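Whatever order the structure lists them in is the order used to number ligands and atoms, beginning at 1. Just so you know, these numbers use all the heavy atoms, side chains as well, and skip hydrogens, waters and symmetry mates. A quick note: this is a predicted structure, and the numbers were derived from the prediction, not measured.
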Amino acid sequence: MNLKDEFIQFFVNKGHVQIPSAPVVPENDPSVLFNTAGMQPLIPYLMGEAHPYGKRLCDYQKCIRLTDLDSIGDSTHHTFFEMLGNWSLGDYFKKESISYSFEFLTKVLHIPVEKLAVTVYEGDDKIPRDDVSANTWESLGISREKIAFLGKDNNFWIPGSSGPCGGDTEIFYWRGKGSVPERFDHDDETWVEIWNNVFMEYYQSEDGNVSELSQKNVDTGMGLERIVAVLEGVDDNYLTSIWDKPRKLLEELSGISYEKEKVSMRIILDHIRTSVMIAADPAGIKPSNTDQGYILRRLIRRAIRHARKLGLDMNSNWEEQLALSFIELYENYYVELKQNREVVLSVLKTEKEKFSKTLEKGLKVFEKYVQNKKSIDGETAFHLYDTFGFPIELTKEVALEKGLEVDEEGFKKKFQEHQEKSRTASAGKFKGGLSGNGEIETRYHTATHLLNAALKKVIGPSVHQMGSNITEERLRFDFPCDHKLTEEEKQNVEELVNTWIQESIPVTKEIMEKEKAISSGAECMFIEKYPDMVTVYTIGDVSKELCGGPHVSNTSELGHFKIIKEEATSAGVRRIKAVLE
Ligand code: SER
């Protein structure tokens with residue numbers, strides 16, 4: 001049986017309900033590009049809201065982490081990966097959680113006890129040392145020498161800079177050949193972390209204040225690619241059974257063995273797999289120059305450059321064959337791969353055709369330019385971007401291979417100048433004619449922030465935007481909530497919004513550093529993937545949100561706010577449609 005199925009079966013037998021993997025693109029949440037952990041879609045429930053499926057949940061979750069993009073090419077990093085997780089939402093706590101993990105590892109995966117070691121939280125001035133976890137591990141047969149107490153850097157988990165959090169216990173596996181040392185040494189990399197059990201009992205706000213959550217939760221995460229590598233006894237994740245078929249296919253397509261071109265092959269495999277997952281996502285992301293679309297473009301273009309390095313024929317359907325091998329591998333777990341198969345193939349093909357035309361020319365320009373140079377100036381980097389479609393990261397990579405630096409600041413300056421110019425040009429073009437449309441939508445944007453704030457007051461602080469859509473006719477807003485709103489709740493929300501409109505509150509816009517935005521308390525859950533400079537819109541002391549805008553300058557411009565529909569979109573998610581009259 002596949003490890004994912006074994007994991008789910010084990011926890012279902014322990015009274016957990018399997019929940020489906022959330023999409024990789026969080027629906028319309030502007031503060032994060034991709035889902036980075038299994039717990040991310042569960043935040044409202046960790047904060048105390050009732051989950052429609054109960055208090056014991058398990059899943060395998062599609063995750064994308066961009067922090068590791070530069071490391072792709074080594075033997076252990078991936079942009080896309082799957083995380084196995086089980087949760088207790090105010091149900092069982094440390095003892096049961098640790099016992100379940102221990103049983104799964106030793107009885108289902110048959111890992112010998114002596115190959116396991118753990119770390120637990122040593123505590124700080126606010127949170128006591130976690131003796132309960134240590135004692136539980138010991139009672140199960142993990143010797144004291146294999147239990148290390150570590151501090152906040154190692155054994156405390158929080159999603160980004162604020163949110164539900166707590167001390168954790170991490171489980172390590174001895175990867176070495178031969179006998180296992182008696183004593184666990186956390187600094188010895190032969191011990192690899194395989195599972196993380198977080199005991200989420202606190203909430204840390206942006207200003208660093210820690211308070212107790214209304215319930216004690218367990219959040220565990222086990223990276224699938226790593227545990228499979230460990231169990232199959234390989235040091236290189238790309239040599240596990242997960243990658244067998246696509247890797248062999250790539251060897252066949254290129255006529256080169258994996259051993260010879262590991263780095264390029266890992267990049268191609270990783271990036272095509274991630275691109276397949278992004279392109280298949282219900283969000284309908286297409287390669288573009290912003291946000292998720294830009295990441296998708298970067299991934300495909302980098303894969304293409306490495307494919308070209310391996311001598312793959314750009315006129316052949318290599319990308320399609322690779323994509324199909326990934327679709328085949330995952331379609332029984334993620335139905336969207338089946339549903340959006342044609343979309344995925346066409347996204348890859350179109351982007352390949354677009355880029356392979358200019359890649360060749362761009363590389364020639366690059367070669368010519370770099371003769372006798374030590375660095376690439378901003379203008380050339382921008383020229384490669386603008387004319388030949390080289391993402392700046394790609395230019396940096398090609399430069400690095402030649403031992404050259406790229407003037408990134410210079411590039412940014414050119415880039416901004418260019419944006420200013422095209423903004424002025426399009427502003428001129430649309431003056432008069434289309435501006436009316438924009439005005440109505442602008443009002444709806446601001447009304448959406450007020451609605452979010454009102455719902456938080458009426459329903460509870462766990463309300464946040466899960467999706468939003470604005471047309472000239474109405475706004476639409478999705479948020480987590482376990483019940484149908486009562487007439488009274490709807491009325492209270494309308495009244496609050498209309499009061500704020502009548503109070504003529506100014507709406508102010510501030511562009512600031514992301515860190516400052518966080519510490520000023522602007523709403524956004526996962527900021528790590530947001531650009532360094534962000535726009536924050538503040539509506540008096542009613543609302544402060546990170547947002548791209550546009551917004552009106554005073555709430556008095558909005559008119560009268562009315563909810564026209566309230567319905568469920570999926571389990572635990574409600575949708576409101578509202579108009580301004
Ligand atoms: N949230 C923790 C992690 O991502 C456990 O799931 O490691």
[atom]: the protein heavy-atom neighbour that sits closest, reported with distance to 0.1 Å:
{"atom": "atom 7 (O) of ligand 1", "answer": "Asn196 ND2, 3.1 Å"}
{"atom": "atom 6 (O) of ligand 1", "answer": "Asp219 OD1, 2.8 Å"}
{"atom": "atom 4 (O) of ligand 1", "answer": "Trp157 CZ2, 3.2 Å"}

What is the distance from atom CZ of Phe172 to atom CD of Glu189, rounded to the nearest 0.5 Å?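 Between atom CZ of Phe172 and atom CD of Glu189 there are 10.5 Å.
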Quick check on contacts: which atoms of ligand 1 are under 4.0 angstrom from a heavy atom of [X]?
{"X": "Met39", "value": "1 (N)"}
{"X": "Gly221", "value": "5 (C), 6 (O)"}
{"X": "Ala37", "value": "4 (O)"}

Within-4.5 Å side-chain heavy-atom neighbours: [X] and [Y]:
{"X": "Leu140", "Y": "Glu103", "value": "no"}
{"X": "Arg301", "Y": "Glu351", "value": "yes"}
{"X": "Ser462", "Y": "Tyr45", "value": "no"}

With heavy atoms under 4.0 Å as the rule, classify the contact between Thr220 and ligand 1 as side chain, backbone, both or neither.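 Within the 4.0 Å criterion, Thr220 contacts ligand 1 through backbone atoms alone.
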Can you tell which of Thr136, Ile98, Ile147 makes a side-chain contact (heavy atoms from CB on, under 4.5 Å) with Val118?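 Answer to the side-chain contact (heavy atoms from CB on, under 4.5 Å) test with Val118 among Thr136, Ile98, Ile147: Ile147.
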State if Met222 counts as touching ligand 1 under the rule of any non-hydrogen atom under 4.0 Å.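 Contact check Met222 vs ligand 1: negative.
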Between Tyr100 and Lys14, is there a cation-pi geometry (under 6.0 Å to ring centre, at most 45° from the normal)?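 No, a cation-pi geometry is absent between Lys14 and Tyr100.
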